[in-house]
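To keep things clear, I will list the structure first and then write my remarks on it.
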Amino acid sequence: KNPNEPPLVFSWFPVVGSTITYGMDPPRFFRENRAKYGDIFTFILLGKKTTVYVGCAGNDFILNGKAKDVCAEEIYTVLTTPVFGKDVVYDCPNSKLMEQKKFMKIALTTQAFQSYVPIIADEVSSYFKKSADFKGKSGIVNMPPKMAQITIFTASHSLQGKEIRHKFDETLADLYHDLDMGFNPVNFMLHWAPLPWNNRRDHAQRTIAKIYMDTIKERRAAGKSDAQDMMWHLMNSTYKNGTPVPDHEIAHMMIALLMAGQHSSSSTSSWIMLWLAARPDIMEELYREQVEVLGADLPPLQYEDLAKLPLNQAIIKETLRLHAPIHSIMRAVKQPMPVPGTKYVIPPSHVLLSAGGVTATDPAFFPEPDTWEPHRWDKDSPIAPGWCKGAASPYLPFGAGRHRCIGEQFANVQLQTITAMVVREFKFRNVDGSNKVIGTDYASLFSRPLEPANIHWEKRD
Ligand code: HEM
Ligand SMILES: N#Cc1ccc(COc2ccc(/C=C/c3ccc(C(F)(F)[C@](O)(Cn4cnnn4)c4ccc(F)cc4F)nc3)cc2)cc1
């Protein structure tokens, strides 16, 4: 036992170590070992010594780690590069990723969001009008697959552009599914294996990239585009060294953004719908909030309306507090890292794992942490969230530091618009009338509800 290293979680098995216990229920694994060993401990994940450092200090140590000490691409590239494509995100130096994130952010402006809200609202309304599962006055439906559809239609039409949206009605949907099969944690280890799903993944990646590159050529030939979308901005971006972004990198960044947005938003919107069914009182309060603020005739939703609906906004905040799609953020250690305030030095052979959900469900910051209560975010709430020392936030569903999410604003616009539109059309409740929600599936890359997750819906007259 090395006194300069954090305590090692006991396990009966070499290599496999605690992989299964962790992989089955990460929050439980973090809670139980934090109680035993404190905020910093090491466990064996797929043969790698993985040091978990939770709490305010742990979040800061890992997420604000310097590029010379911690490395994201070393861990993630095996998983993301076969899916996104080469030369982007984790298949290039971090300095290049930072430029790519700057390009992506340029497209995510208030003006763009103003054009996105009506697009998203219309996609939601027409989905429910067309869907066979929502015919008649009321019924029971397994919600997550419906939210996956709504998410891909709303994100592709707004962020990706009209051409891509319409291709989802044809070939793109199946290709996306094949690509998605390759986006799973087993590929952290078996990305190289010529498994059937990895071959389908590679074929899908090449075919989808070609669809994007053909669209880029069409748009370039057509000249000026009125579109506010991501593709147009990337087509007009140039790296610091003067190189315009190559078409294959634009295509691969578009795939990365599609995958990011799809998994995070479809998981989050599913949880939102399940909680609205568990709390019909909140769903009624949301409806009243819109009627009071926007008028009983409920005019078409605009971007400016979203900021006038605080409870609608709090729904997304509270859902992400309990159901952050990314439960584990990983970094490779590049040089020995002394842990301030302890005698520990984390060696380069370790992987660091940051679990933001631990502070987000810590009673010290969130009274009654396991209760889904959107009103805790009210200005004068008696159970208002607390803060870390030094004003750092205990609530980090979008990460922090140099790898911080650039999609937070888009995700909020998308999720708030979807929520507001669903509240206008339906009343939900649980099939058994309970105020519970189903458990979490941690087996995929993004935590999401176990299925089937059935709810009862009824159309408002
Ligand atoms: C509810 C929705 C979302 C959540 C909870 C979320 C969460 C996160 C988190 C935790 C990180 C940090 C990852 C790390 O430090 O390793 C991150 C990074 C990122 N996200 Fe998101 N995300 C969401 C939506 C989106 C969307 C819609 C996009 C694109 C339009 C996006 C694009 C990105 C990008 C480009 C990064 C940077 C990765 C890096 O710098 O290494 N995300 N996101
Ligand atoms: N046996 C077994 C066994 C073992 C272990 C387990 C469970 O163990 C783990 C461990 C870690 C993880 C990590 C999640 C993880 C990390 C990175 C990414 C990402 F990079 F992909 C992303 O951040 C995603 N993203 C960002 N914003 N929105 N989405 C991203 C960035 C930029 C980008 F442009 C596009 C992107 F989409 N995605 C997900 C998940 C599960 C189960 C079973």
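Keep in mind it's a predicted model, so treat the numbers as computed, not measured. Just follow the structure's listing: the first ligand is 1, and inside any ligand the first atom is 1. Counting begins at 1 with the first residue of the sequence.
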For the residue pair Phe183 and His263, is the inter-centroid distance of their aromatic rings smaller than 6.0 Å? yes

Close approach of Phe398 to ligand 2, heavy atoms, under 4.0 angstrom: no

Does atom NZ (Lys102) have a neighbourhood of more than 12 heavy atoms from anything else shown, all under 6.0 Å? yes

Write out the residue and atom name of the closest protein heavy atom to atom 18 (C) of ligand 2, then the distance separating them to 0.1 Å. Ile326 CD1, 4.6 Å

Just need the protein heavy atom nearest to atom 32 (C) of ligand 2, so name the residue and atom and give the distance. Val89 CG1, 3.9 Å

Validation row: Gln302, Val117 side chains within 4.5 angstrom (heavy atoms): no

Nearest to atom 6 (C) of ligand 2, what protein heavy atom do you find, and at what distance? Pro185 CB, 4.0 Å

Give me the residue, atom name and distance of the protein heavy atom closest to atom 27 (N) of ligand 2. Ala260 CB, 4.0 Å

Compare all side-chain heavy atoms of Thr110 with those of Tyr303 and state whether any distance is below 4.5 angstrom. yes

From Phe84, Phe183, Tyr22 - option closest to atom 5 (C) of ligand 2 by heavy atom: Tyr22

Is the distance between the ring centroids of Tyr442 and Tyr22 less than 6.0 Å? no

If you count the non-hydrogen atoms of other residues, nucleotides and ligands that lie under 6.0 Å from CZ in Arg28, is the total more than 12? no

Salt-bridge criterion met for Asp362 and Arg34 (N-O under 4.0 Å): yes

Keeping to residues at least two apart or across chains, list the salt bridge (charged side-chain N to carboxylate O under 4.0 Å, His left out) pairs with something in residues 248-268. Lys96-Glu249

Could you tell me whether atom 30 (C) of ligand 2 has a protein heavy atom closer than 4.0 Å? no

Please tabulate, one line per pair, the protein N or O atoms found under 3.5 Å from any N or O atom of ligand 1, giving the distance to one decimal.
unit_1: ligand 1; atom_1: 15 (O); unit_2: Arg331; atom_2: NH2; d: 2.7
unit_1: ligand 1; atom_1: 16 (O); unit_2: Tyr76; atom_2: OH; d: 3.0
unit_1: ligand 1; atom_1: 16 (O); unit_2: Arg331; atom_2: NH1; d: 3.1
unit_1: ligand 1; atom_1: 40 (O); unit_2: Lys101; atom_2: NZ; d: 2.8
unit_1: ligand 1; atom_1: 40 (O); unit_2: His403; atom_2: O; d: 3.4
unit_1: ligand 1; atom_1: 40 (O); unit_2: His403; atom_2: ND1; d: 3.3
unit_1: ligand 1; atom_1: 41 (O); unit_2: Tyr90; atom_2: OH; d: 2.5
unit_1: ligand 1; atom_1: 41 (O); unit_2: His403; atom_2: ND1; d: 2.6

Taking atom 22 (C) of ligand 2 as the reference point, report whether a protein heavy atom occurs under 4.0 Å from it. no

What atoms of ligand 2 come within less than 4.0 Å of a heavy atom belonging to Ala256? 34 (F), 35 (C)

Considering only heavy atoms of Leu445, which atoms of ligand 2 have at least one such atom less than 4.0 Å away? 14 (C), 39 (C), 40 (C)

Contact check, side chains of Glu318 and Trp275, non-hydrogen atoms, under 4.5 Å: no

Nearest-contact summary for atom 1 (N) of ligand 2 - protein heavy atom, Å: Thr19 CG2, 3.8 Å

Would you say that more than 12 heavy atoms from the other residues, nucleotides or ligands in this model lie under 6.0 Å from the CZ of Phe10, or not? yes

What residue and atom, counting heavy atoms only, is the protein's closest point to atom 19 (C) of ligand 2, and at what distance? Thr80 CG2, 4.3 Å

Heavy atoms, side chains only, cut-off 4.5 Å: are Asn198 and Asn187 in contact? yes

Within a strict 4.5 Å, meaning less than it, do heavy atoms of the Tyr395 and Leu320 side chains meet? yes

Mark the output for His327 as yes if a heavy-atom distance to ligand 2 is under 4.0 Å, and as no if none is. yes

Relative to the heavy atoms of Ser328, which atoms of ligand 2 are at a distance of less than 4.0 Å? 11 (C), 12 (C), 13 (C), 14 (C)

Taking the side chain as C-beta and beyond, is there a heavy-atom pair between Arg165 and Phe153 under 4.5 Å? yes

Measure the distances from the heavy atoms of Gly407 to every atom of ligand 2 and state whether one is below 4.0 angstrom. no

Audit row: Lys86, Asp91, salt bridge (charged side-chain N to carboxylate O under 4.0 Å, His left out) steps and yes/no: CA-CA 6 Å; Lys86 66 184 177 62; Asp91 190 46; over 6 Å; no

Atom 38 (N) of ligand 2 has as its nearest protein heavy atom Phe446 CZ, 3.6 Å

Starting from atom 20 (F) of ligand 2, find the nearest protein heavy-atom neighbour and note its residue, name and distance. Tyr90 CE1, 3.4 Å

Could you list the atoms of ligand 2 found under 4.0 angstrom from a heavy atom of Tyr76? 16 (C), 17 (C)

Does any non-hydrogen side-chain atom of Pro449 lie less than 4.5 Å from one of Val437? no

